[in-house]
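Order of the sequence lines fixes the chain letters, A, B, ..., with proteins taken first and strands second; residue numbering starts at 1 for each chain.
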Number of protein chains: 2
Amino acid sequence: MKTQQSTTFKAIADDTRLRMINLFVTSRKPLCVCEIVDALRLPQYQISKHLSILKNAGLIDVEKDGTWGYHYLIEDNSLNKMLITFLKKYLAGDVFDDDIKKLEMRLLLREDGKCVVGFVDEKELFKKLKDREKELAIKE
Amino acid sequence: MKTQQSTTFKAIADDTRLRMINLFVTSRKPLCVCEIVDALRLPQYQISKHLSILKNAGLIDVEKDGTWGYHYLIEDNSLNKMLITFLKKYLAGDVFDDDIKKLEMRLLLREDGKCVVGFVDEKELFKKLKDREKELAIKE
DNA sequence: ATATTATATGCTAATAAGTGCATATAAGCA
DNA sequence: TGCTTATATGCACTTATTAGCATATAATAT
């Protein structure tokens with residue numbers, strides 16, 4: 001006897017995966033692997049593997065767009081709905097909040113709502129964001 | 001880095017422990033080991049061990065009364081409060097509902113709100129409950 | 001084609017978790 | 001004191017889980 005509930009809790013009973021889910025529930029948009037990697041500062045293979053665990057548990061799904069893969073929470077069933085509503089309140093505090101800040105920065109690099117770069121470390125991110133500002137200043 | 005949230009999810013990411021928590025959240029009263037054993041029909045050492053896992057995660061505590069130990073959910077912090085409110089809705093279905101039925105029967109054997117017997121299997125339970133009925137009939 | 005980039009996955013070693021059984025503890029009772 | 005009962009725990013065994021590294025796949029660009 002194996003319940004859906006315990007399968008789900010096993011899937012989220014890990015700090016890395018909780019941090020990933022936190023990104024999903026707060027950003028409210030599909031995220032690609034490189035964005036998650038940059039927000040959490042963890043190796044790409046870890047993020048990919050943890051994503052596949054969440055996927056096998058029926059919590060997320062992917063939509064492919066070229067080489068990019070946009071992962072998103074599955075919210076069209078009542079158990080997941082309850083869970084997501086709960087997690088939105090339940091996940092808060094140091095790490096979780098820091099991750100969100102990093103993700104928000106990183107999402108500024110999107111163009112037309114799409115990810116257009118791979119991994120960028122913190123320095124590169126700041127540089128890119130400054131360049132972006134300059135471009136905007138010129139256009140005005 | 002280890003969050004309280006992942007510690008908690010690890011603790012409840014197991015069917016036996018979810019079933020135990022289900023008993024707590026629905027019965028809304030401290031339960032002793034033998035009552036849980038009888039409701040879930042699992043060996044006593046398993047129940048004891050799973051209880052200690054829940055305890056180490058900060059989800060339950062015990063109040064001793066002689067040899068009996070009454071275990072109850074810790075609800076005086078905001079994370080646990082959120083969790084319990086959520087689980088009350090989230091845990092439902094076949095096993096969970098059956099367990100509740102068994103527990104309710106078993107709790108009928110209490111006297112003055114206290115557990116007064118050890119393990120009783122299904123046959124014995126029915127027998128005891130019939131005897132109880134007879135006693136009550138005589139008293140009236 | 002070849003190279004590059006985004007993502008996935010196979011393998012291994014290390015660690016953790018769960019089950020079963022026996023036994024320990026500790027309180028109440030004869 | 002010794003006996004029973006409710007509960008806890010130590011040990012052995014098995015199975016899961018995770019991290020790390022290398023490599024595979026697959027789409028795009030040159």
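Put simply, the side chain of A:Arg17 gets close to the backbone of A:Ala11: a donor and an acceptor are under 3.5 Å apart.
Contacts with DNA chain D (heavy atom under 4.0 Å) in residues 17-31 of chain B: none are found. Of the residues in residues 57-64 of chain A, those placing a heavy atom less than 4.0 Å from an atom of DNA chain C are A:Lys64, in numerical order. Annotation: proximity of residues 103-131 of chain A to DNA chain D (heavy atom, distance under 4.0 Å) is found for no residue.
Scored by the side chain to side chain donor-acceptor pair (under 3.5 Å) test, B:Asp38 finds B:Arg106 as partners (sequence neighbours excluded). Among residues two or more places apart in sequence or in another chain, the side chain to side chain donor-acceptor pair (under 3.5 Å) test is passed with A:Thr16 by none. Residues satisfying the side chain to side chain donor-acceptor pair (under 3.5 Å) criterion with A:His71, sequence neighbours excluded, are absent altogether. Every residue meeting the side chain to side chain donor-acceptor pair (under 3.5 Å) condition with B:Ser48, not counting sequence neighbours, appears here in chain and number order: B:Gln44.
In this structure, B:Phe96 has its ring center no closer than 6.0 Å to that of B:Tyr90.
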Can you give each donor-acceptor pair under 3.5 Å made by side-chain atoms of residues 77-87 of chain B, sequence neighbours left out, with the distance rounded to 0.1 Å?
residue	atom	partner	partner atom	Å
B:Asn77	OD1	B:Leu79	N	3.3
B:Asn77	OD1	B:Asn80	N	2.8
B:Asn80	ND2	B:Gly58	O	3.1
B:Asn80	ND2	B:Ile74	O	2.9
B:Thr85	OG1	B:Lys81	O	2.9

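Apart from B:Trp68 itself, the hydrophobic cluster it occupies contains B:Tyr70, where clustering links Ile, Leu, Val, Met, Phe, Trp and Tyr at side-chain heavy-atom distances under 4.5 Å. Grouping Ile, Leu, Val, Met, Phe, Trp and Tyr by side-chain contacts under 4.5 Å, direct or through others, puts A:Met105 with A:Leu108, A:Leu109, A:Val116, A:Val117, A:Val120, A:Leu125, A:Phe126, A:Leu129.
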Sugar-phosphate or base contact per nucleotide [nucleotides 19-26 of chain C; S, B, -; heavy atom under 4.0 Å]: SBBB----
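Sorted by first then second residue, the salt bridge (Lys or Arg N to Asp or Glu O under 4.0 Å) pairs that include residues 61-74 of chain A, not counting sequence neighbours, are A:Asp65-A:Lys114.
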